[in-house]
Amino acid sequence: MRLRTQTQFLSLVAALMLAGCGGGSTNSSSTVSSSAATDTSITNSTLAASSTTPTYSVLAWNDLGMHCMDGKDYSVMSILPPYNNLHAQVINTSTGKQVNSGISLTYEALADPSGSINTVSSTKTNFWQYVSSLYGAAPKADHGLNLNDASISNPVPGKTPAAMTYNATQKWFAAEGIPLTPYDDSLNKNYYPMVKVVAKDSAGKVLASTQTVLPVSDEMSCKSCHASNSNASARPPVRGWANYTADVEKDWKKNILRLHDDKHANDAVYQAALAKLSPSGSGANGLAARAEAGTPALCASCHGSNALNSPGFTVTVGGKSVTISAMTAAMHRLHSTVTDPVSKLKLDAIGNRSACYSCHPGSETKCLRGAMSNTTGLDCQSCHGNMAAVGQSTRTGWLQEPNCQACHHDGKRETTAVTNLATGELRSVTDTRFATTANTPQAGFSLFRFSTGHGNLQCEACHGPTHAEYSADNNTWSSSHDNDNLQSKQLQGHAGVIIECTVCHATVPMTPNGGPHGMHTVGQSWVSGHGDRVKNSTASCTACHGADYRGSALSETKTSRSFKIENKTINLAAGTAIGCYTCHNGPKP
């Protein structure tokens with residue numbers, strides 16, 4: 001959904017845009033022209049009048065590395081519905097500019113390399129049976145909720161293309177609230193279903209297409225501690241375990257509602273909230289009894305959630321107005337003192353992902369699986385602070401998140417974004433080379449998934465979505481986990497961040513600093529002529545090539561390349577940190 005899935009993870013991979021963004025091989029580097037201008041329309045007349053037929057590229061992405069849903073059952077309670085977001089932008093590669101009108105975009109289901117395809121959801125969950133009582137809407141089967149525009153209910157990707165809608169504010173084409181589940185049409189688990197996105201002109205002519213992932217997980221679960229007769233640290237409800245052996249998902253959900261009723265049995269605020277939730281009095285005996293009577297509980301009804309655009313409840317008790325704690329605050333604050341049943345440590349004390357993966361997806365879906373997922377010493381807490389920090393009542397959930405510059409600044413790549421794990425305070429820097437867009441999506445907040453960069457493209461268009469930034473490590477497809485990189489390989493011939501200029505530029509522009517993040521063109525043309533550009537000063541080179549000019553992580557090439565220079569051929573393997581000494585005997589004075 002629009003403000004969704006695991007808390008915003010800063011995009012460490014921003015630095016990779018500098019690492020080989022160019023035209024050294026058959027393909028060349030990154031996105032659109034540095035100009036903010038766009039092609040405003042494409043018509044048959046403009047196509048016919050052009051002496052050279054324009055070519056186009058489509059970049060499509062999911063807004064978050066993993067969208068979560070409750071699972072197959074919604075009859076007891078719901079935390080999150082099936083809700084996925086697809087965004088796309090189109091570039092006229094002849095001009096290097098975005099195309100925002102005179103075209104239409106559609107999406108449809110696509111089989112991944114294993115043959116797995118996902119074209120239906122209504123037979124895999126009872127969500128549509130309970131969606132009205134939970135979310136107050138009634139989308140027809142296989143159509144989803146839409147928190148941005150209730151008049152548009154987007155369908156599950158099928159064999160018939162479904163329309164995307166242009167968002168003039170974000171300057172992207174979107175399909176919000178696609179209700180996918182992690183079960184393919186053979187009922188096998190696939191957390192990374194694929195879709196094909198097609199752009200057409202006003203006459204219906206196909207201009208370009210691409211493929212991308214709409215990741216979805218039902219691994220979010222509380223059964224580790226709340227399953228009946230659990231040996232974990234959770235105590236049994238006063239009225240006893242539900243012992244619903246017919247369905248483990250219903251079992252732990254029933255137990256949670258019973259425990260919630262127990263915890264607040266004598267709480268006047270809770271009674272006021274129940275009365276507001278069920279004016280008819282049907283909820284007077286608690287959420288568990290209400291669910292057993294046929295009305296499931298939506299956590300965000302009472303506990304505000306920006307993930308669901310829900311303000312939560314404010315009730316009056318004893319003449320005073322009381323706002324019930326936000327969902328993210330209530331969950332993280334309460335569980336920060338809980339003991340992990342496996343490690344026997346407090347969840348708040350664990351300095352690795354297992355604390356978060358106890359509830360969030362997870363060991364299978366790998367919510368954090370992008371370019372920085374294997375970075376030594378980097379865990380969820382490195383960017384978000386510990387669980388208590390995430391649960392602070394003063395924190396604005398899903399908006400007050402890490403930013404790119406907290407780790408990427410002044411030629412550095414830090415492995416912690418926070419300066420204090422207990423408070424979650426972000427490192428403050430002045431360098432904006434890799435910074436997220438200020439006050440986006442609203443004043444005071446700055447989120448990667450809404451930020452724009454080179455040519456006013458969305459950062460996620462080239463880097464990939466939060467938590468799943470495209471990684472150059474997954475160049476060989478071995479399982480559905482590698483579906484993330486199929487688009488990169490289609491567009492530029494290799495995995496990883498979209499770094500090849502020819503994806504969006506039919507003619508690669510020569511520029512010393514007009515590329516992504518203020519970098520120069522990279523490729524044979526630059527190699528042949530760069531001496532004239534740096535002979536008077538090499539100071540600007542150090543930002544990426546290092547103070548000693550011997551290369552750094554920011555100047556690594558993400559694919560193998562060959563250059564001709566000084567009557568010799570230089571062959572560079574992927575991962576080579578390029579510096580002056582790579583081809584020369586050091587920089588000249």
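These values consider heavy atoms only, across backbone and side chains, with no hydrogens, waters or symmetry-generated copies.
- Scanning all heavy atoms of the two residues, the minimum distance from Ala174 to Glu176 falls at CB-OE2, 3.7 Å.
- Here the side chains of Leu110 and Val195 are not in contact, with every heavy-atom distance at 4.5 Å or above.
- Although no hydrogens or angles enter the test, the distance criterion places a donor-acceptor pair under 3.5 Å between the side chain of Ser451 and the main chain of Leu447.
- Annotation: side chain of Ser358 is in contact with side chain of Asp340 (closest heavy-atom distance under 4.5 Å).
- Using a cutoff of 4.0 Å between basic side-chain nitrogens and carboxylate oxygens, Lys124 and Asp142 are not scored as salt-bridged.
- Between the side chain of Gln98 and the backbone N or O of Trp172 there is no donor-acceptor pair closer than 3.5 Å.
- The six-membered or imidazole ring of His463 lies away from that of Tyr470, with a centre-to-centre distance of 6.0 Å or more.
- Centroid-to-centroid, the aromatic rings of His481 and Tyr192 come within less than 6.0 Å.
- Electrostatic pairing of Asp218 and Lys189 counts as a salt bridge here, judged by a charged N lying under 4.0 Å from a carboxylate O.
- Between Phe127 and Tyr74, the angle of the ring planes goes over 60°, which puts this pair in the perpendicular group of the 30/60° scheme.
- The cationic atom of Lys171 (NZ for Lys, CZ for Arg) does not lie both less than 6.0 Å from the six-membered ring centre of Tyr166 and within 45° of the ring axis.
- Classification of Glu556 and Lys558 as a salt-bridged pair holds, one side-chain N sitting under 4.0 Å from a carboxylate O.
- Between Thr212 and the options Val58, Leu86, Asp484, Asn62, a side chain to side chain contact (heavy atoms under 4.5 Å, CB included) holds for only Leu86.
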